[in-house]
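These notes are about the structure you will find just below.
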Amino acid sequence: MADVRIAGLQKYYGAVHALKGIDLHVGEGEFAIFVGPSGCGKSTLLRTIAGLEQLDGGTIAIGGQIVNDMRPRDRNIAMVFQNYALYPYLTVYDNVAFGLRARKVVEPEIKRRVDEAAAMLGIGPLLQRYPRQLSGGQRQRVAIGRAIVRQAQLFLFDEPLSNLDAKLRDEMRGEIKRLHREIATTMIYVTHDQVEAMTLADKIVLLRDGRIEQLGAPLDLFERPATGFVAGFLGSPSINLIPARLVARGNGAAIALATGETLALPPGRTEALAGKAERQVILGIRPQHISRAIGGKMPSGVARVSAKADLIQPTGTRTFVTSHVGGVAVTVELGAHDVGAQGSAVDYAVDLNRSILIDPETDKVL
Amino acid sequence: MNTRPALAQRISVASDRGFKYLMIAPAILILLLVGIFPLVYSLVVSFQNITMTEVDTSFAGALNYVQLFKDSRLWESLLHTALITMVALPLELVFGFLLAQLFLERFPGRQIFVALLVLPTVISPIVAGATWRLMFDVRFGPIGQILSFFAGEPVNILWTVNPSFVYPAIVVCEVWQWTPFMFLLLLAALSNVDQSQLEAAEIDGASYWRVLRQIVIPAITPVIAVAVLIRGLDLVRIFDIIWALTEGGPGSMTETISLYAYVIGFVQFDTSYTAAVAFLVIVILTAIVTIALRRMEMVR
Amino acid sequence: MSFGYSRRRGGGRLLLRYVLASAVTVIFLFPVYWLFMISFKTADEIYHVPPVWYPSQLQLGSYLVLFRDGDVLAILNSFIVAGVSSLLAMIFGTFCAYSLARFRTGGEHLAMWIISQRMIPPIAIVFPIFLIYVHFGWVDTYFGLILLYTAFNLPYVIWMMRGYIADIPLELEESALVDGCTRWQTLWKVVFPMARSGLMATAVFTFVFAWNDFIFALILTRTEVITFPVQLTHYFGGQSNFWSKIAAMSVLGTLPIFVAVTIMQRYLVRGISLGAVKG
């Protein structure tokens, strides 16, 4: 087991500046997830840690030792690749044993470790088969098994679940979480799927355009995003972003929508915004924080907005309704039977206590 | 991240740099030794005046290159080469395409037919020439016999000697050997044409010719270009088949550029002049390849 | 006719297709048939007017003559020269191809230069090579011919293997590197096993090219290492040919090729199109 400490990491691909100064610490036994949109540099960062890419500046230390100029094989890491990277000409057993043989581990020890890993992953009966005879989920298990037997100090996962269908992905996600609990090795995991990031991570590292946008515990990022980008990336369906104007209202502040409605902000938020009246903001509100308005009186910080149910998408457990609020399409997550026919009028209760306000120029959360 | 960066930048350790050059070193060395060195050598020789009787290594200026323009046998041999290429190449292409059409649809036993049809292409050209030498034999060969049968009277043609028939004989042999090459490549290309495009055209009620012109031909054009380039280059340096069939005769009537270079180099031992001819050939071929590659880039 | 694998298929159309396919195949294979049949005929049958279409029995006399006179040594020479030069070209070429494919050594320019080496006509380089060989005493030696064929086939091997190696998923090699392999071990444990069929196909075609060559052998051999195509031309006569010898030698020089290519059928298109068409 080892921690990973990255300082001032720079990486170029020709003229493209892929990583623009990454500072990061992943603690011993921690499960860190690099997440972000395509091209944000998350895979590059992982591959640089693995030694498959050369870095152009800064340092990477694994277990306190700087590994900048170390070959991948000397870094004592194990890696699971997106396409599993199983050797088609070797049996499952030989695939799992591959790394041990390369390191000249004796055969009885190899057998012991392979059997142990096979038992842990439930691939014992498959050991004599070839990769082409396996299903996608089974291949994934073999790839993980190959990493486990190495007993490396650091595990790297490069989008390991992206080639699986939705059902299998949920299953394997649980499996990987269980695995981390059992072997407790430091793990770094790359994904573009925010659900994987939220469910698996001890620490999420959200990258954007070669920089770390925000890092922290999953719920921290979800509830207290530093920027509109973070708010938009996490959560499904994604957060509603409504252009608005900050206005003074008595002692407090309120938000004026483009369509004329004014929503009073809860008292707790107003001090922070004092003196910023009349500036343009973006109101961020998650679909889960808008509900049907029931009764005439709204609790503090909750505003009533009338709209029309333009589009209704039931999923069985929840129903997603799209309405126009403040001139933009807003998605609302309601109970399965909370809404009537398409096109019917509906009154929403918008919980501004849970809302965020974003500066449209800097993308920072106010 | 889906964008795969350039491989060259994925090397991490300094030892890899030595590794990659170490790996290409032997091959590059051999290529330089046998590929470049002779070219330089013959470039030098072509500016000297070495003949069978005289070894004059002083600088002779453009003497040999001037002689190129006065040498009518050289230009005739280039003409012969061009003639064979211009006739044989289109024939191979058309026959190859027709054959590919015939075998495009799957039917039981198709693979066996294809495997058999390929055989002429892989035979040594000298064997192909020898085979047709026997086929064309005026007394004991089957060609005369077959023609006599259709003509209803004895046909006695000296295929490899009679000036009117030497070229047809060469072209028959050449086309026989290389049509299967075109056939194989075109069959693969036609099989790779996007089926959904063809189905869409069928639903739209497009005619056979329309589908051919607007979907099939554009789709297989890159393959046609490669096939024509490979075969064209082979035809420009044609030697073996002619050597086996006519040895350039009668006279020098079927002498191609390669045969002529052989004659002046290894029969007349006109060393310096041969070097100049060799250079001319390389210049011509370089021009053809450059033009062809440029055209092909336009096609892609 | 249609361009797709049409599912509408009348019995009559299928029959027509078989008739046409058979006719074409017979026409194309008749010369090969003729060659093989001559090699089994007696002299009387060969020199019979009108020609006889098949031998009365399979006579092996023509082959026995070749063995008795030692002419089959030419076949042996061909095997040695083509075999050793293919092996060498495969070894040097594959390593070079790996470097080009995975490290982009020399970039596109080096790759283009290498393939352009293959387009140089033999006649243009064989003459200076001959002069050099005379100087070093390499004419009519195994070494000389093997060196030349190795060099001649290198561009082909490099070009083809570069394509086959590029087809191997990079992740397999990266996984091996992370798992503890050196570059060298990765080559042996991952790249070669993955490229096995490509290696075999390329080796076969390399062998065929060297085996079939005539012009280099004509110029660079005299008596000692004469290969079968050159031996074959010794049987040509101005007025008459040694028919039985031509036929028997041709068959001996053709059968190995037929066998090799039939085994490699699946890679044929890619092999002869310089990798441009992946059958």
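Computed from a predicted structure; not experimentally measured. A note on names: the letters A, B, ... follow the listed sequences, proteins ahead of strands, and every chain is numbered from 1.
The six-membered or imidazole ring of C/F103 lies away from that of B/Y21, with a centre-to-centre distance of 6.0 Å or more.
Heavy atoms closer than 4.5 Å to chain C are found in the side chain of B/L233, but not in its backbone. In this structure, chain C has a heavy atom under 4.5 Å from the side chain of B/I146, while its backbone stays farther away. With a 4.5 angstrom heavy-atom cutoff, C/L255 does not touch chain B via any of its atoms. Interface residue B/F37: only side-chain heavy atoms are found under 4.5 Å from chain C. For B/V277, no part sits under 4.5 Å from any heavy atom of chain C, backbone or side chain.
Panel note: side chain B/D240, backbone C/I215; no donor-acceptor pair is recorded below 3.5 Å. The closest donor-acceptor contact from the side chain of B/W176 to the backbone of C/F28 lies under 3.5 Å. Distance alone, capped at 3.5 Å, places no donor-acceptor pair between the B/R237 side chain and the C/I123 backbone.
The side-chain hydrogen bond (donor to acceptor under 3.5 Å, both in side chains) check on C/T233 picks up nothing, with sequence neighbours excluded.
Using a 4.5 Å heavy-atom threshold, the side chains of C/P155 and B/L31 count as touching.
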field: Criterion ring pair (Phe, Tyr, Trp, His ring centres under 6.0 Å) on C/F127 and B/F266, from CA distance to verdict
entry: CA-CA 8 Å; C/F127 186 68; B/F266 298 98; 5.4 Å; yes

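To the nearest 0.5 Å, atom CD1 of residue C/I129 and atom OH of residue B/Y41 are 12.0 Å apart. The CG atom of C/L29 sits 10.5 Å away from atom CZ of B/F113, with the distance rounded to the nearest 0.5 Å.
With chain B as partner, the option from C/W211, C/W53, C/F152, C/F205 having the largest number of non-hydrogen pairs under 4.5 angstrom is C/W53. Across C/A260, C/A247, C/S22, the residue that shares the most heavy-atom pairs under 4.5 angstrom with chain B is C/S22.
Aromatic ring orientation, C/W243 versus B/F140: perpendicular (interplanar angle above 60°, classes split at 30° and 60°).
Relative to the six-membered ring of C/F236, B/R133 meets both conditions, a distance below 6.0 Å and an angle of at most 45° to the axis.
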